[in-house]
S.K.: 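The structure's right below; bear with me while I get my questions together.
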There are 2 protein chains.
Amino acid sequence: MTRAEHLKQLFSECGIAAALEVVGERWSFLILRGAFNRLQHFEEFQSTLGIARNILSNRLARLVEHGMLRREPDPADRRKVAYHLTEKGRELLPVLIALRQWGERWVSGVPSNAVLVDRYSRRPIAPMTVQAADGRPLSMDELEWIDRKEVGLKDAAA
Amino acid sequence: MTRAEHLKQLFSECGIAAALEVVGERWSFLILRGAFNRLQHFEEFQSTLGIARNILSNRLARLVEHGMLRREPDPADRRKVAYHLTEKGRELLPVLIALRQWGERWVSGVPSNAVLVDRYSRRPIAPMTVQAADGRPLSMDELEWIDRKEVGLKDAAA
DNA sequence: CTCGTATAGTTGCATAATGCAACTGGAAAA
DNA sequence: TTTTCCAGTTGCATTATGCAACTATACGAG
């Protein structure tokens, strides 16, 4: 099997590989983080992230192609172009939050000065956890892969 | 500001950038996914992922350096080396699950044949969501950045 | 003991991705 | 009408990745 076939196989079989096909390149996550933080314009992304202009250009185009961002020329000032998250893009939030929490805990060490809170209670959001259908938190060894056809047959089994 | 300084700044300020410093390179996520799926040996990772041997070698070394994997020579067969997830590595699980769920929903389209279930109930795990301290699910626009010092002062404010 | 094979890499070279600085083109602002 | 702003593009340098062949060590069979 060639490498291309191998990757195609991986992508079709595994959501992780499929996701990385869209957001796995360098800078993609950070550009999306910027978009979540309300950055809209090329120059904003460029100066905030310090990314090379040609790469930024390429990544924005790619993210637009993949339907993560919408490219919207500003009718009031035709020099300006705004990039906005689509629903597909917004749905990546859990990934970014989980990544951020992990990074703060295990890499940067200290939670940064800025804290993400629920707008209403103004209390920090909960740590991201894997949960069972009923909300119980699950650790790695409480998980198992099973075939789709066997789902939920524990009690229903003949 | 040079690019290096810029990145350093980013990493120190943002958990996402910090996390990507460790797991942001190509293949890192897929190698860790393999580790979660009980792959242990060089040849297993290589044949499962179809990754180039030199890159795999480099990534495994990097993940070991960063404390994601432990490299354990097999005492019974000294040719063999096993790579095992550390706690730091295992704690990345929410990120991988969130990424997988997103990829299945928005990229590969169809959930794959294999389903992750809670070992006990044998029902599929819940979708990953961002939650408030009390467990309420939160969407992007219910989130706000505030300064650490102001946390939870809504009712306590003088 | 020695020969074949398994395991975990390494090496050299080719291709692709990223980074940098300078430049372009169209539109607003002075 | 000249200057500045915005969103890119271009050419060239550096770095990362991919590929195939090779190495080194250790088992295992005979």
Side-chain angles (χ1 to χ4, degrees), chain A residues 1-11 17 20-31 34-35 39-66 69-84, chain B residues 1-11 17 20-31 34-35 39-66 69-84:
Chain A
M1 190 154 52
T2 72
R3 192 182 99 81
E5 288 168 332
H6 219 299
L7 282 179
K8 211 171 154 191
Q9 175 99 355
L10 263 182
F11 295 156
L20 291 174
E21 192 57 356
V22 176
V23 294
E25 290 166 304
R26 198 177 297 186
W27 291 110
S28 295
F29 276 115
L30 290 173
I31 289 170
L39 300 188
Q40 303 191 328
H41 303 291
F42 189 95
E43 305 290 338
E44 286 177 323
F45 286 105
Q46 200 284 319
S47 61
T48 305
L49 302 179
I51 179 177
R53 304 177 71 81
N54 53 343
I55 304 302
L56 175 57
S57 175
N58 177 286
R59 289 300 177 279
L60 288 171
R62 235 184 106 77
L63 290 171
V64 168
E65 267 178 42
H66 281 94
L69 299 174
R70 235 190 346 269
R71 182 180 186 282
E72 293 168 341
D74 181 342
D77 181 345
R78 301 213 324 255
R79 288 171 305 181
K80 291 190 185 175
V81 173
Y83 291 91
H84 288 115
Chain B
M1 190 153 53
T2 72
R3 191 182 101 80
E5 288 169 332
H6 219 298
L7 283 180
K8 212 170 152 190
Q9 175 100 353
L10 263 182
F11 296 154
L20 291 174
E21 190 59 354
V22 176
V23 294
E25 289 167 304
R26 197 177 298 188
W27 293 109
S28 295
F29 276 114
L30 290 173
I31 290 169
L39 299 189
Q40 304 193 336
H41 303 291
F42 188 94
E43 304 291 337
E44 285 177 325
F45 285 106
Q46 200 283 319
S47 62
T48 305
L49 302 179
I51 179 177
R53 305 177 71 81
N54 54 342
I55 304 303
L56 175 58
S57 175
N58 177 286
R59 288 302 177 278
L60 286 171
R62 235 184 108 77
L63 290 171
V64 168
E65 266 177 42
H66 281 95
L69 298 175
R70 235 190 344 270
R71 183 180 185 281
E72 293 168 340
D74 181 342
D77 182 344
R78 301 212 325 261
R79 287 171 305 182
K80 291 190 184 174
V81 173
Y83 292 91
H84 288 115

S.K.: In whole Å, I'd like the distance from the CD atom of Glu72(B) to the P atom of dT7(C).
M.R.: 18 Å
S.K.: Measure from the side-chain heavy atoms of Phe42(B) and tell me the nearest of dT18(C), dC6(D), dG9(C).
M.R.: dG9(C)
S.K.: Which part of the nucleic acid, if any, lies within reach of Phe45(B) when heavy atoms closer than 4.0 Å are counted: base, sugar-phosphate only, or nothing?
M.R.: nothing
S.K.: For nucleotides 12-17 of chain C, give me every protein contact, N/O to N/O, under 3.5 Å, one pair per line with atom names.
M.R.:
none

S.K.: If the condition is salt bridge (charged side-chain N to carboxylate O under 4.0 Å, His left out), which residues does Glu43(B) pass it with, not counting sequence neighbours?
M.R.: Arg53(B)
S.K.: Gln40(B) CD to dT7(C) P: how many Å, rounded?
M.R.: 13 Å
S.K.: Would you call Ile51(B) and Phe45(B) a side-chain contact if the rule is heavy atoms closer than 4.5 Å?
M.R.: no
S.K.: Let me know the distance between CD of Gln46(A) and C1' of dC5(D), rounded to the nearest Å.
M.R.: 14 Å
S.K.: Return the CD1 to CZ distance between Ile55(B) and Arg26(B), rounded to the nearest 0.5 Å.
M.R.: 9.0 Å
S.K.: Hey, does Phe42(A) have a side-chain heavy atom less than 4.5 Å from the side chain of Val81(A)?
M.R.: no
S.K.: DNA chain C: Val81(B) or Asn58(A), which has the more 5' nearest nucleotide?
M.R.: Val81(B)
S.K.: State which residues pass side chain to side chain contact (heavy atoms under 4.5 Å, CB included) with Val22(A); sequence neighbours excluded, sorted by chain then number.
M.R.: His66(A), Met68(A), Trp102(B), Val107(B)
S.K.: What pairs with His84(A) under side chain to side chain contact (heavy atoms under 4.5 Å, CB included), at least two apart in sequence or on another chain?
M.R.: Gln40(A), Arg70(A), Glu72(A), Ala82(A)
S.K.: Figure out the CD1/P separation between Ile55(A) and dA21(C), and round it to whole Å.
M.R.: 14 Å
S.K.: Look at His41(A) and dC6(D) and indicate whether a side-chain polar atom (N or O) is within less than 4.0 Å of OP1 or OP2.
M.R.: no
S.K.: State whether Trp27(A) places a side-chain N or O below 4.0 Å from either non-bridging phosphate oxygen (OP1 or OP2) of dG19(C).
M.R.: yes
S.K.: Side-chain N or O of Tyr83(A) versus OP1/OP2 of dG8(D): is the shortest distance under 4.0 Å?
M.R.: yes
S.K.: Starting at CD1 of Ile51(A) and ending at P of dT9(D), how long is that distance when rounded to a whole Å?
M.R.: 14 Å
S.K.: Mind checking whether Val23(B) and Phe29(B) have side chains closer than 4.5 Å, heavy atoms only?
M.R.: yes
S.K.: Between protein and nucleotides 26-30 of chain D, what N or O pairs are separated by less than 3.5 Å?
M.R.:
from    : atom 1 : to       : atom 2 : distance (Å)
dA26(D) : OP1    : Arg78(B) : NH2    : 2.9
dC27(D) : OP1    : Arg78(B) : N      : 2.4

S.K.: Go through the structure and list residues passing side chain to side chain contact (heavy atoms under 4.5 Å, CB included) with Asp77(A), not counting sequence neighbours.
M.R.: Asp74(A), Arg79(A), Lys80(A)
S.K.: Between Leu56(A) (CG) and dA21(C) (C1'), how many Å, whole number?
M.R.: 16 Å
S.K.: Determine the minimum heavy-atom distance between Pro73(A) and Arg71(A), stating which atoms define it.
M.R.: CD-O, 3.6 Å
S.K.: Has the side chain of Arg53(A) got a donor or acceptor atom sitting under 3.5 Å from an opposite partner on the base of dA7(D)?
M.R.: yes
S.K.: Roughly, in whole Å, what's the span from CD1 in Ile31(B) to P in dT17(D)?
M.R.: 11 Å
S.K.: Without decimals, in angstroms, what is the distance between Leu69(A) CG and dA7(D) C1'?
M.R.: 15 Å
S.K.: As an exercise, state the distance from NE2 of His41(B) to CG of Leu60(B), rounded to the nearest 0.5 Å.
M.R.: 12.0 Å
